Amino acid sequence: MRVLLTGGAGFIGRHVHHQLVAEGHEVIVLDSFRPDVHAYTPPPHPGLIIGDVRDADTVARALENGIDTVIHLAAKVGLGVDLDDLDDYVSSNSLGTAVLLKQLAHARIGNLVYASSMVVYGEGRYDCERHGRVAPGPRRPEDLDAGHFEPPCPSCGAALQPGLVEEDAVLDPRNAYAASKLNGEHLAASWARETESRVSSLRFHNVYGPGMPRNTPYAGVAAIFRSALERGESPTVYEDGRQRRDFVHVHDIATAVTTTAAALPQQPAVTAYNVGSGTVHTIGDLAAELSRAYNGPGPVTTGQYRLGDVRHITASSDRLRNDLGWKPTHTLATGLAELLRD
């Protein structure tokens, strides 16, 4: 394949780039080197185009010279700091994806892997003993203030059992980032159907590994915990630390991306895949494991919360395993051991 990789200089992008090259593909990277992610901007060189995916002329130039597949990772990530981020999420993610799709149509390029996120589900799967599978509503500030973090059954108020969400679950984004990523999925699906093209949306779970960003409020929880430990501080755990997540190593994300890209010509017009390790851990587990790995102070559980966070979100990645033969290779223990060498 000859691949255009947007966001290819970012944390996940660098690993995807390495994997593509290792598999023998030709890669052109398009990255804006936005200052809230990158400490410096390198000079342009063959194989690297420095520019914003929202700029149509830049994207058109990047799609020249025989590109046949696009992997779209470029995005503003994270939960955000406050509502002042709202327009940036919409511009960077929704508009950026729309500009890319328009130029793909003009260039008659019909293969796209779109980096989505598990956040499009909102809260994950829950089952009530009395009412079966239910969808809890948004958590209320007054409950969170009182330390009641678990969402109750919306019908009877009973405790719920969290489970693994599958790709056909109802999508319910609950913050600006989540809404922008789901909007990108919808835009890409519309493009695929109108142009007889193919898109696979990969819903990444909590990604960690070598090259994680440091000291940024938009980083993932693993990166935030590690930055604290490197400063000699305790990791700060919100709520009670029992939030369930699936932490997936960035190398496994990269192989999922390249496996999906290679399979696109045989895929239906629109597909979606969860990409996770398949193993459930809590955020408290992660903080404790990192504290031990770094021989640092133990985590501090604060009871604080962020209203845009969800309580539990873990997913089944069986569809990706069964359809394309992908499987993860890292456990949390082996992945964190590798992180120590970074």
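Since we're looking at a predicted model, the values are computed, not measured. In this chain, numbering begins with 1 at the start of the sequence shown.
Side-chain contact check for Asp285 and Thr282: at least one donor-acceptor pair (N or O, by modelled atom type) lies under 3.5 Å. Judged purely by distance below 3.5 Å, without hydrogens or angles, the side chains of Ser200 and Thr271 pair a donor atom with an acceptor atom. Under 3.5 Å, the side chains of Ser92 and Arg34 contain a donor-acceptor pair of N or O atoms.
Here the closest non-hydrogen pair linking Gly211 and Arg14 is O-NH2, 3.1 Å. Between Ala105 and Trp191, the shortest heavy-atom distance links the atoms N-NE1, 3.9 Å. Between Gly335 and His330, the shortest heavy-atom distance links the atoms CA-CD2, 4.1 Å.
A salt bridge links Arg292 with Glu289: the closest approach of a Lys/Arg side-chain nitrogen to an acidic carboxylate oxygen falls below 4.0 angstrom.
At a threshold of 4.5 Å between non-hydrogen side-chain atoms, the residues Phe204 and Val257 count as touching.
Under the ring-ring contact (aromatic ring centres under 6.0 Å, His included) criterion, His17 pairs with no residue at all, not counting sequence neighbours. With sequence neighbours excluded, the residues that form a salt bridge (Lys or Arg N to Asp or Glu O under 4.0 Å) with Glu233 are Arg231. Annotation: salt bridge (Lys or Arg N to Asp or Glu O under 4.0 Å) contacts of Asp68 (sequence neighbours excluded): none.
Legend: salt bridge (charged side-chain N to carboxylate O under 4.0 Å, His left out) pairs involving residues 89-114, not counting sequence neighbours: none detected. Evaluation of the salt bridge (charged side-chain N to carboxylate O under 4.0 Å, His left out) test over residues 240-269, restricted to residues two or more places apart or in two chains, returns Asp240-Arg311. For residues 189-204, the salt bridge (charged side-chain N to carboxylate O under 4.0 Å, His left out) pairs, not counting sequence neighbours, are Glu185-Arg203.
With His312 as the fixed residue, the side-chain hydrogen bond (donor to acceptor under 3.5 Å, both in side chains) test singles out one of Glu123, Arg125, Glu150: Glu150. Test Asp172, Thr314, Asn274, Leu182 against Tyr121 for side chain to side chain contact (heavy atoms under 4.5 Å, CB included) and you get one pass: Asn274.
Under the 30°/60° scheme for interplanar angles, the aromatic rings of His72 and Tyr114 are found to be tilted. Between Tyr89 and Tyr177, the angle of the ring planes lies from 30° to 60°, which puts this pair in the tilted group.
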Given Phe247 and His205, is the ring-ring contact (aromatic ring centres under 6.0 Å, His included) satisfied, shown in steps?
-> CA-CA 6 Å; Phe247 299 101; His205 281 250; 9.9 Å; no
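Note on Leu20 and Ile28: separate hydrophobic clusters, where clusters join Ile, Leu, Val, Met, Phe, Trp and Tyr whose side-chain heavy atoms are under 4.5 Å apart, directly or indirectly.
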